[in-house]
Enquirer: 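I have a structure I would like to understand better, so I am pasting it below and will then ask my questions one at a time.
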There are 2 protein chains.
Amino acid sequence: MKPAAKRSLKTEKRLPNREEKSAARREAILAAALDEFSARGFAAARLDDMAKRAGVAKGTIYLHFRDKEALFQEIVRSLMGPFVGTVEHAFNADIPLRTLANQVVELFVREVFGTRRKDIIRLMMTEGPRFPKLAEFYYREVLSRVFNAARKRLQRALDTGEISHKALVRYPQLIAAPGITAIIWTGLFDRFEPLNVRELLQAQMNILFGEGRAS
Amino acid sequence: MKPAAKRSLKTEKRLPNREEKSAARREAILAAALDEFSARGFAAARLDDMAKRAGVAKGTIYLHFRDKEALFQEIVRSLMGPFVGTVEHAFNADIPLRTLANQVVELFVREVFGTRRKDIIRLMMTEGPRFPKLAEFYYREVLSRVFNAARKRLQRALDTGEISHKALVRYPQLIAAPGITAIIWTGLFDRFEPLNVRELLQAQMNILFGEGRAS
DNA sequence: TCATTATGACTGACTGGTCAGTCATAATAC
DNA sequence: GTATTATGACTGACCAGTCAGTCATAATGA
């Protein structure tokens, strides 16, 4: 498949070969598609616009993705999949709950709110009901894994007396809720009443787990 | 079909006159449109389907609403507008905070989650970003009024020592967050992991305001 | 090394279908 | 009788997905 390219020349800047170019285009298409889906929603996003934005002909999209829906699903997969491990790892670390809470806030602010993952989550909420397959993927590969890790840690915290609210083990949604709310709020109302996302999340963590210093 | 009815006979069941029929149709169209918008989202919902569902010809819709977008906005207005007063009233009542919290939970479960208002809120979250005018209307006529009432009550509670978390006055979002989250969760993941909405909301209220009896 | 041939990634005009909105005609209320 | 309201066939714009043809790059071989 890939025979000797320009041979191991020292040149950092080899010309990209076919395979590399193909991969680069695939990425460009994914990025462009996310922009369009975010801006217009699934139904109203135009393949023509994505192609133009990615600097590619429309037909090219169909060389990489079966159809519009597959493209959409692949965006979710490619951005959220790798992120789950990071979150699980954070929950499994052997650190005090309050420190963990601060880390989770930072992780959310930096790796979700500060990236396109915020848009992915918004799209999941927005389009999920019409893509049961995607919702299932998201539940199985993302949510249930994150929630399991969270529940395990919360149960331990309950056992050791780090927390007293039993409800948290049953409803980790209470930890996620301000993040969800922040994503929606900023998308709709930030121009009327801007929201300090980090403060909102920290406030909930303070209430749930007691006061702790800002990191 | 039905010419001059029996004139002012005592008959409770007069034939509806023009005005009444028109109003009834308008309502039927609004209801049908909400069903379609909820099921498919704004862009993908079809006027033909709404007409069929409302038992009306497509053209009739345009006798009542300028276009698809106006119809959508009118749904939000007509369902949420009257509801705001109820909520403000609840917040202004002179009752203990913990009782109020229970009432708010009940109000949400019964008047939002148990009605189409749940769908309206979901649609606002879903379609709001693409309808800045609607988001503004919603903020001005619904959210800011509810939040103001909530903030006033929470400030009083803080002054009297009913609560100790100052953050609640700044971020009433923390009270709304589980409701938002519940609406999204049930729309996406209820088939994998059903959510007891009332319990979720009560759990948050318990954490925010201390344990209280279920109403 | 360089000329020739083979490959398959890429293009974009095109097709078939969809759907918001219109309007001439029909039904109905007054 | 006539003004108002309702109808639904129609139109024009739009867009997902297709495919015959192009051409840069890779493979071959002399």
Side-chain angles (χ1 to χ4, degrees), chain A residues 1-7 9 13-30 32-33 36-37 39-75 127 130-131, chain B residues 1-8 14-30 32-33 35-37 39-75 127 130-131:
Chain A
M1 202 31 59
K2 69 294 315 290
K6 259 356 174 9
R7 242 32 22 65
L9 274 193
K13 302 232 166 172
R14 296 162 319 99
L15 298 194
N17 61 22
R18 280 231 263 249
E19 226 175 306
E20 289 165 329
K21 261 169 73 173
S22 175
R25 293 205 136 162
R26 194 189 137 91
E27 290 310 308
I29 291 168
L30 282 170
E36 294 295 329
F37 280 134
R40 300 179 181 279
F42 180 82
R46 281 177 295 235
L47 277 281
D48 282 308
D49 292 344
M50 298 175 193
K52 184 175 291 183
R53 191 186 279 264
V56 138
K58 182 154 63 146
T60 305
I61 294 176
Y62 288 87
L63 299 174
H64 292 273
F65 306 97
R66 191 169 23 69
D67 57 16
K68 195 184 186 185
E69 189 172 330
L71 171 56
F72 181 59
Q73 300 205 5
E74 191 51 30
I75 293 174
E127 310 288 352
R130 261 154 286 144
F131 296 94
Chain B
M1 196 55 35
K2 67 291 317 283
K6 261 14 178 350
R7 255 342 48 69
S8 48
R14 298 165 314 101
L15 298 193
N17 61 19
R18 276 232 268 252
E19 224 174 304
E20 289 165 329
K21 259 171 78 174
S22 175
R25 291 200 139 165
R26 194 189 138 93
E27 290 310 308
I29 292 168
L30 283 170
D35 286 341
E36 294 297 328
F37 281 134
R40 300 179 182 278
F42 180 82
R46 283 177 294 237
L47 276 281
D48 281 309
D49 292 345
M50 298 175 193
K52 184 175 291 185
R53 192 187 278 266
V56 139
K58 183 155 63 147
T60 305
I61 295 176
Y62 287 87
L63 299 175
H64 292 273
F65 306 97
R66 192 168 24 68
D67 56 18
K68 196 184 185 185
E69 189 172 328
L71 171 55
F72 181 60
Q73 300 205 5
E74 191 51 29
I75 292 173
E127 310 289 352
R130 261 155 285 142
F131 296 93

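Quick note on labels: first sequence line is chain A, next is B, and so on, each numbered from 1.
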Enquirer: Just so I know, are the side chains of B:Arg26 and B:Glu74 near enough to count as touching, which here means a heavy-atom distance under 4.5 Å?
Expert: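 The answer is yes; the side chains approach within 4.5 Å.
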Enquirer: Going by the rule side chain to side chain contact (heavy atoms under 4.5 Å, CB included), which residues pair with A:Ala57 if we only count those two or more places apart in sequence or in a different chain?
Expert: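 For A:Ala57, the residues satisfying side chain to side chain contact (heavy atoms under 4.5 Å, CB included) (neighbours in sequence not counted) are A:Thr60.
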Enquirer: Could I get the full list of side chain to side chain contact (heavy atoms under 4.5 Å, CB included) partners for B:Tyr62, not counting sequence neighbours?
Expert: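 Listed in chain order: B:Leu47, B:Lys58.
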Enquirer: Under the rule for side chain to side chain donor-acceptor pair (under 3.5 Å), what residues qualify as partners of B:Arg53, not counting sequence neighbours?
Expert: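 Residues passing side chain to side chain donor-acceptor pair (under 3.5 Å) with B:Arg53: B:Asp35, B:Glu36.
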Enquirer: B:His64 NE2 to C:dG21 C1': how many Å, rounded?
Expert: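 In whole Å, C:dG21 C1' lies 16 Å from B:His64 NE2.
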Enquirer: Looking at residues at least two apart in the chain, or sitting in another chain, which of them share a ring-ring contact (aromatic ring centres under 6.0 Å, His included) with A:Phe65?
Expert: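 ring-ring contact (aromatic ring centres under 6.0 Å, His included) list for A:Phe65, sorted by chain: empty.
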Enquirer: Atom CZ of B:Arg66 to atom P of C:dA20: distance rounded to whole Å?
Expert: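 Nearest whole value for this atom pair: 16 Å.
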Enquirer: Calculate the interatomic distance between B:Glu36 atom CD and C:dC19 atom P; express it in whole Å.
Expert: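 In whole Å, C:dC19 P and B:Glu36 CD are 11 Å from each other.
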Enquirer: Output one letter per nucleotide in nucleotides 7-15 of chain D: B when a protein non-hydrogen atom lies under 4.0 Å from the base, S when only the sugar-phosphate is that close, - when neither is.
Expert: BB------S
Enquirer: Could you state the atom-to-atom distance from CG of B:Asp49 to C1' of C:dA20 in whole Å?
Expert: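 For the pair B:Asp49 CG and C:dA20 C1', the rounded distance is 13 Å.
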Enquirer: Tell me, please, which residues at least two apart from A:Arg25 pass salt bridge (charged side-chain N to carboxylate O under 4.0 Å, His left out).
Expert: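 Scan of A:Arg25 (salt bridge (charged side-chain N to carboxylate O under 4.0 Å, His left out), adjacent residues dropped) gives none.
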